[in-house]
Engineer: 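Questions regarding the structure given below will be posed in turn.
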2 protein chains.
Amino acid sequence: MCHHCDYKSLLEQSGLGASENRLSVLEVIGNNSYPLSAGDIFKTVERHSAINRVTVYRILDVLVDHGIVDRISTGGRAFYYGLAPNSHHQPHSHFYCKHCGQMDCLNPESLSVDANLLKKTFPGRIDKVEVRVDGICKNCIK
Amino acid sequence: MCHHCDYKSLLEQSGLGASENRLSVLEVIGNNSYPLSAGDIFKTVERHSAINRVTVYRILDVLVDHGIVDRISTGGRAFYYGLAPNSHHQPHSHFYCKHCGQMDCLNPESLSVDANLLKKTFPGRIDKVEVRVDGICKNCIK
DNA sequence: AATTTTAATGCAAATTTTTTGCATTAAAAG
DNA sequence: CTTTTAATGCAAAAAATTTGCATTAAAATT
Ligand SMILES: [Mn+2]
Ligand SMILES: [Mn+2]
Ligand SMILES: [Zn+2]
Ligand SMILES: [Zn+2]
């Protein structure tokens, strides 16, 4: 849940029209405390307003392209989506439970990554360093 | 390319029958210097011996389940497969080029991850910490 | 060696997730 | 008000993976 982000201006600052659908998708993502799959997002938006599944995919693409939302890989075969790091959200890694498929955001302090050396020596463009922890969550472990 | 691994005994040590197909799949993965997709592996094995695509998927599953092979997520929608860390291969992270889809293995020293604090405090089971760097490779950047 | 049991494979079809093409509607610009 | 552009919907396709079931090969028993 983000109380700091103004979704409408997040869109407008990127030159994107703040359509009803885009706002709904972004709110679902931003109001959730962990990343969601496109299917989850579709089902949630759909409960309140009519929307097509393809529209959700297209909105997710445009939000990812504009750096508003992060596309996060899982140990499964669907991507999950969460707010991209910004002034209110520092970068952090995620935990993926391979039993129930739930993702959790991990405390940035609990896991540290140092990519400085790589960034200096890598002969290509680096856009993102994604860290994902896979295992079984505390609910499923019982 | 791994000159140290004896694929046949890797299989047998895990209690897996060393069938022709399993050996072929494991050799293709082990002899390659970067991770490959199931489709790549299928096409490569197929050139020398007849094999069904589904068999490749099933062999990959069994190799991953037994910790012989690592299933590696990409920024795209297919998994890639590489030899799992063992006495001859230390754990390392990977680079994924979102233009050509090629993965590279990164030097373990170029990127350091410290998951000790997480492992102490996380209320679940941690099986794997995957680090993936996304961007554009030196060939595609031109 | 013949028989029974288990493991591995093939093939067809289904599933899941994502993408594309094209028509329609809504919004913005002129 | 008209023209242009952006957003959406719907149907279909594509890509990756999974499932069910039959067949074959290998291993274990008798
Ligand atoms: Mn998060
Ligand atoms: Mn590797
Ligand atoms: Zn779980
Ligand atoms: Zn490339």
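Quick note: numbers below take in every heavy atom, side chains included, and nothing from hydrogens, waters or symmetry partners. Values in this document were obtained by computation on a predicted structure and should not be read as measured data. Below, chain A is the first sequence line, B the second, and so on; all start at residue 1.
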Engineer: Show which side-chain atoms of residues 100-114 of chain B pair as donor or acceptor with protein atoms under 3.5 Å away, not counting sequence neighbours.
Structural biologist:
from, atom 1, to, atom 2, distance (Å)
B:Asn107, OD1, B:Glu109, N, 2.8
B:Ser110, OG, B:Asn107, O, 2.7
B:Asp114, OD1, B:Asn116, N, 3.0
B:Asp114, OD1, B:Asn116, ND2, 3.1

Engineer: At a heavy-atom distance below 4.0 Å, what parts of residues 95-103 of chain A sit against DNA chain C?
Structural biologist: none
Engineer: Nearest-Å distance, CG (B:Leu36) to C1' (D:dA16)?
Structural biologist: 16 Å
Engineer: Rounded to the nearest Å, what distance is computed from the NZ atom of residue A:Lys43 to the C1' atom of nucleotide C:dT16?
Structural biologist: 12 Å
Engineer: Taking the side chain of A:Ala78 as heavy atoms from C-beta outward, which of D:dT17, C:dT17, D:dC10 is closest to it?
Structural biologist: C:dT17
Engineer: Roughly, in whole Å, what's the span from OH in B:Tyr80 to C1' in D:dT17?
Structural biologist: 15 Å
Engineer: Take atom CG of A:Leu60 and atom C1' of C:dT18, then tell me their distance rounded to the nearest Å.
Structural biologist: 11 Å
Engineer: List the residues meeting salt bridge (charged side-chain N to carboxylate O under 4.0 Å, His left out) with B:Asp40, not counting sequence neighbours, and say none if there are none.
Structural biologist: none
Engineer: Output yes when at least one side-chain N/O atom of B:Ser19 is less than 4.0 Å from OP1 or OP2 of C:dA8, else no.
Structural biologist: no
Engineer: Report the residues that fulfil salt bridge (charged side-chain N to carboxylate O under 4.0 Å, His left out) with A:Lys128, sequence neighbours left out, ordered by chain and then residue number.
Structural biologist: A:Glu130
Engineer: With sequence neighbours left out, what residues match A:Arg77 under salt bridge (charged side-chain N to carboxylate O under 4.0 Å, His left out)?
Structural biologist: none
Engineer: Which part of the nucleic acid, if any, lies within contact of A:Ala18, taking any heavy atom under 4.0 Å across all strands shown: a base, the sugar-phosphate backbone alone, or nothing?
Structural biologist: nothing
Engineer: Nearest whole angstrom, please: distance from the C1' of C:dT16 to the CD1 of A:Ile41.
Structural biologist: 16 Å
Engineer: Of the options B:Asp61, B:Ile51, B:Asn21, which is the one that meets B:Val56 in a side-chain contact (heavy atoms from CB on, under 4.5 Å)?
Structural biologist: B:Ile51
Engineer: Can you tell me the distance, in whole Å, between the CZ atom of A:Phe42 and the P atom of D:dT8?
Structural biologist: 14 Å
Engineer: What is the distance, to the nearest angstrom, from the CG atom on A:Leu63 to the C1' atom on D:dT8?
Structural biologist: 15 Å
Engineer: Taking atom NE2 of A:His88 as the centre, report whether more than 12 heavy atoms of other residues, nucleotides or ligands fall under 6.0 Å from it.
Structural biologist: yes
Engineer: Using a cut-off of 4.0 Å between protein heavy atoms and nucleotide atoms, how would you tag nucleotides 19-26 of chain C 5' to 3' with B, S and -?
Structural biologist: BBB-----
Engineer: When you compare the side chains of A:Ser93 and A:Arg132, does any donor N or O come within less than 3.5 Å of an acceptor on the partner?
Structural biologist: no
Engineer: Side-chain N or O of A:Asn52 less than 4.0 angstrom from OP1 or OP2 on D:dC10?
Structural biologist: yes
Engineer: If I take atom CD1 in residue A:Ile72 and atom P in nucleotide C:dT17, what distance separates them, rounded to the nearest angstrom?
Structural biologist: 17 Å
Engineer: Is the closest side-chain donor-acceptor distance between A:Tyr7 and A:Asn31 under 3.5 Å?
Structural biologist: yes
Engineer: Measure from the side-chain N and O atoms of B:Thr74 to the backbone N and O of B:Gly76, and report whether any donor-acceptor pair falls under 3.5 Å.
Structural biologist: yes
